[in-house]
Amino acid sequence: MRLSQKLDPEMVLISPDVEDRGDLFRVLGTIFADAKLVDSPEIVMARLLEREAILSTGIGGGVAVPHAQIPGLGRLAMAASTHPTGLDYPSLDEKPVRLVFCLLGDANTAADHLAGLARLARLARRTEALEPLILATSGQSFLEVLERLEGA
C-alpha cells in the first residue's frame with residue numbers, strides 16, 4: 001500500500017491556524033466530515049482523543065500519527081497537516097510536531113490501518129527526508145513529494 005494513493009490533496013492542511021493538538025483534531029474532524037467520510041466532526045475528535053488518552057501518537061522526530069477507528073467508515077481514510085514552526089503536541093521526544101498524518105478506519109479495515117501505520121513509522125525514521133513534506137506549499141505538492149519518498 002502506498003500512502004500517496006490513500007491521500008487526496010484536499011485532505012492535506014498546509015500550516016493550518018491551530019494552536020495545539022485539540023485544535024488540530026477539531027479541524028481534522030471537519031475535513032473528514034466535509035469530505036462526507038464521517039457523519040460529524042465531533043466523532044473524529046472524540047475518537048482521536050480517546051486514543052491519545054492511552055498514549056500520545058507524537059512518535060518523535062517532529063511527527064505525529066493520530067489514528068482511530070470509526071465504526072461503519074468502511075475504508076481507510078487519511079489526512080495530513082504541516083506545521084513548519086511546530087505544533088504543541090505531546091510527543092515521545094518532547095519536541096514540537098511539524099508533520100501529522102491522521103488515519104481513520106474501522107474493524108473491517110484493520111489490516112490497511114496497520115499497514116498504513118507501519119508505512120508511516122518507516123517514513124518518520126527518515127527525518128532528513130521529511131523537510132520537503134513539511135515545507136510543501138499545497139496539497140498537490142505535498143503528494144508529489146510523498147510519491148517521490150515512497151519511490152525512493
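Being a predicted model, the structure only gives us computed values, none of them experimental.
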A.B. asks: For L13, which of V100, V27, V18 qualifies under side chain to side chain contact (heavy atoms under 4.5 Å, CB included)?
C.D. replies: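 Running side chain to side chain contact (heavy atoms under 4.5 Å, CB included) over V100, V27, V18 with L13 returns exactly one hit, V27.
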A.B. asks: Applying side chain to side chain donor-acceptor pair (under 3.5 Å), name anything that partners S141, two or more places apart in sequence or on another chain.
C.D. replies: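 Here the qualifying residues are S138.
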A.B. asks: Which value, rounded to the nearest 0.5 Å, describes the distance between L104 atom CG and Q69 atom CD?
C.D. replies: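 L104 atom CG to Q69 atom CD measures 10.0 Å (nearest 0.5 Å).
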A.B. asks: Are any non-hydrogen side-chain atoms of D106 and P71 less than 4.5 angstrom apart?
C.D. replies: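 Not touching, per the 4.5 Å side-chain cut-off.
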A.B. asks: Just to verify, what does I14 make a side chain to side chain contact (heavy atoms under 4.5 Å, CB included) with, not counting sequence neighbours?
C.D. replies: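 Partners of I14 by the side chain to side chain contact (heavy atoms under 4.5 Å, CB included) criterion, ordered by chain and then number, come out as V12, T82, A136.
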A.B. asks: Flag yes if L87 and L92 sit in one hydrophobic cluster, no otherwise; membership is Ile, Leu, Val, Met, Phe, Trp, Tyr, and two members link when side-chain heavy atoms are under 4.5 Å apart.
C.D. replies: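 Looking at the clustering, L92 is in a separate group from L87.
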A.B. asks: For P96, what residues pass the side chain to side chain contact (heavy atoms under 4.5 Å, CB included) criterion, not counting sequence neighbours?
C.D. replies: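 Partners of P96 by the side chain to side chain contact (heavy atoms under 4.5 Å, CB included) criterion come out as none, since no residue qualifies.
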A.B. asks: Who passes side chain to side chain contact (heavy atoms under 4.5 Å, CB included) against A35, sequence neighbours left out?
C.D. replies: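 For A35, the residues satisfying side chain to side chain contact (heavy atoms under 4.5 Å, CB included) (neighbours in sequence not counted) are M11, L37.
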A.B. asks: Taking only residues two or more places apart in sequence or in another chain, which ones pass side chain to side chain contact (heavy atoms under 4.5 Å, CB included) with I59?
C.D. replies: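 For I59 the side chain to side chain contact (heavy atoms under 4.5 Å, CB included) partners, ignoring immediate neighbours, are V63, V65, A124.
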A.B. asks: Rounded to the nearest 0.5 Å, what separates atom CD1 in I43 from atom CD1 in I70?
C.D. replies: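 That separation rounds to 5.5 Å.
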A.B. asks: Indicate the atoms forming the closest heavy-atom contact of A79 with L7, along with that distance.
C.D. replies: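 Closest pair (atom of A79, atom of L7, distance): CA-CD1, 3.7 Å.
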A.B. asks: Side chain to side chain donor-acceptor pair (under 3.5 Å) with T30: which residues, sequence neighbours excluded?
C.D. replies: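 Per chain and number, T30 pairs via side chain to side chain donor-acceptor pair (under 3.5 Å) with no residue.
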A.B. asks: Looking at CG of L103 and CG of L3, how far apart are the two atoms once the value is rounded to the nearest 0.5 Å?
C.D. replies: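 Atom-to-atom, L103:CG and L3:CG are 7.5 Å apart.
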A.B. asks: Say you draw a straight line from CD of E10 to CD of Q140; how long is it, rounded to the nearest 0.5 Å?
C.D. replies: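 Nearest 0.5 Å value for the CD-CD distance: 9.5 Å.
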A.B. asks: So how far is it from M45 CE to L24 CG, rounded to the nearest 0.5 Å?
C.D. replies: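 One finds 10.0 Å between CE of M45 and CG of L24.
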A.B. asks: Excluding sequence neighbours, so at least two apart, what forms side chain to side chain donor-acceptor pair (under 3.5 Å) with R51?
C.D. replies: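 Partners of R51 by the side chain to side chain donor-acceptor pair (under 3.5 Å) criterion, ordered by chain and then number, come out as H67.
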A.B. asks: Which pairs, with at least one residue in residues 85-112 and sequence neighbours excluded, count as a ring-ring contact (aromatic ring centres under 6.0 Å, His included)?
C.D. replies: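 ring-ring contact (aromatic ring centres under 6.0 Å, His included) check on residues 85-112 returns F101-F142.
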A.B. asks: Quick one: does H83's side chain get under 4.5 Å of P16's, heavy atoms only?
C.D. replies: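 Touching, per the 4.5 Å side-chain cut-off.
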A.B. asks: Once ring-ring contact (aromatic ring centres under 6.0 Å, His included) is applied, what residue pairs with a partner in residues 12-41 remain, sequence neighbours excluded?
C.D. replies: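 For residues 12-41, and leaving out neighbouring residues, there are no ring-ring contact (aromatic ring centres under 6.0 Å, His included) pairs at all.
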A.B. asks: Can you list every salt bridge (Lys or Arg N to Asp or Glu O under 4.0 Å) pair that touches residues 19-40, not counting sequence neighbours?
C.D. replies: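 Pairs touching residues 19-40 that pass the test: R21-E52, D23-R26.
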A.B. asks: Filter on salt bridge (Lys or Arg N to Asp or Glu O under 4.0 Å), then keep only pairs touching residues 79-102, sequence neighbours left out; what's left?
C.D. replies: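 Those involving residues 79-102 are R98-E131.
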